[in-house]
Protein chains: 2
Amino acid sequence: MNSASTTAIKFDFEVDEMVDSAREATDFLKSIAHEGRLMILCRLAEGECAVTDLEELLSARQAAVSQQLARLRLEGIVDARREGKSVYYSLSDDRIQTIIPVLYDMFCKPD
Amino acid sequence: MNSASTTAIKFDFEVDEMVDSAREATDFLKSIAHEGRLMILCRLAEGECAVTDLEELLSARQAAVSQQLARLRLEGIVDARREGKSVYYSLSDDRIQTIIPVLYDMFCKPD
DNA sequence: CCCTTACATTATAAAATATGAATATGTAAA
DNA sequence: TTTACATATTCATATTTTATAATGTAAGGG
């Protein structure tokens, strides 16, 4: 506990950094660790689409889908664009574009 | 709703598959979407270590660490091996080895 | 055998998330 | 301007997770 205090300080600093990174990473992971949201993101990875399409895809109620989209919007993960009566959503975070293929390889490969 | 029923059946089948994959993926993501568990996994990615080391790393109580380890064990993500008084943990799931570097690139790169 | 160290488990309280119903807003068309 | 359609928000409640505290077990040393 009291040996090599210089190293201890450096170590604590690194741990703090690690805690910060871990918090960022887990915030990100939590926002995609939800069946509905993940499916929305997978769908958006193929291109922009409207809320109605997502409702069909998830067989979920409008309010529920809208709620998940609101969360993704607040986290800066998706963008919304209104065109007439519809609102079109798209991915706005490169990290999603990065991680979706990784998850696809792990869980969606035919085998 | 009633057009092209053959296509509709195929589509439904694909959606079911997608729901299953999404569940698997989100189960996995949920198990790593926790500050403590993620830090544990990052540490284990560097090699096996004992519970005491993890307690220090997380500055968490023994019981809390043990609980997270229990969860990771149940999910088949880590292995435990007893040697004398200590229990050594290590990663037992390749998907963790795959995803840790991806997360590292996203959240821990110096910049 | 008793004591200490290292770890696990259990019960429970507290906190975070999800779900569902009701309602509101914004747009366009009749 | 009434109506219908598309989407958003709000709020109460249910469910799931996480943290805390207390206790239990396994191993080794004296």
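The figures that follow rest on heavy atoms only: side chains count, while hydrogens, waters and symmetry mates do not. A, B, ... follow the sequence lines: proteins, then strands. Residue 1 opens every chain. Quantities reported herein were computed from a predicted structural model and do not represent experimental measurements.
Rounding to whole angstrom units, CD of residue A:Glu83 and P of C:dT27 are separated by 13 Å. Rounded to whole Å, the distance from CZ on B:Arg23 to P on C:dA18 is 15 Å. Summarising the geometry, the separation between CG on A:Leu72 and P on D:dT9 is reported as 13 Å, rounded to the nearest angstrom. Atom NZ in B:Lys85 sits about 21 Å away from atom P in D:dG24, given to the nearest Å. Between B:Glu35 atom CD and C:dA16 atom P the separation is 12 Å, expressed in whole Å.
Looking only at distances, a side-chain donor or acceptor of B:Thr98 sits under 3.5 Å from a matching main-chain atom of B:Asp94. Side chain of B:Ser31 to main chain of B:Phe28: a donor-acceptor pair is present (N/O by atom type, distance under 3.5 Å, no hydrogens or angles).
Phosphate contact (OP1/OP2 of C:dT9, side-chain N/O of B:Ser66, threshold under 4.0 Å): absent.
Sequence neighbours left out, the pairs with a member in residues 70-79 of chain B that pass side chain to side chain donor-acceptor pair (under 3.5 Å) are B:Arg71-B:Glu75, B:Arg73-B:Tyr89.
With hydrogens and angles ignored, no donor-acceptor pair under 3.5 angstrom links the side chain of B:Gln62 to the base of C:dA6. The base of C:dA18 is not paired with the side chain of A:Gln67 by any donor and acceptor separated by under 3.5 Å.
With C:dC7, C:dT17, C:dT27 as the candidates, the nucleotide lying closest to the side chain of A:Lys30 is C:dT17. Residue B:Arg71 has its side chain nearest to D:dT18 when only D:dT9, D:dT18, C:dT9 are considered. Which of C:dA6, C:dT19, D:dT18 sits closest to the side chain of A:His34 comes down to C:dT19. Comparing D:dA27, D:dT7, C:dC7 by their closest approach to the side chain of A:Ser86 singles out D:dT7.
Side-chain contact between B:Cys49 and B:Leu44 is present, with heavy atoms from C-beta onward closer than 4.5 Å.
The CG atom of A:Asp93 lies 10.0 Å from the CD1 atom of A:Ile32; values are rounded to the nearest 0.5 Å.
Nucleic acid contact for B:Tyr89: sugar-phosphate only, since backbone atoms but no base atoms lie under 4.0 Å from a heavy atom of the residue. Within the nucleic acid shown, B:Ala63 comes within 4.0 Å of at least one base atom, counting heavy atoms only.
Both A:Arg37 and A:Arg61 lie close to DNA chain C; mapped to their nearest nucleotides by heavy-atom distance, the more 5′-ward contact belongs to A:Arg37.
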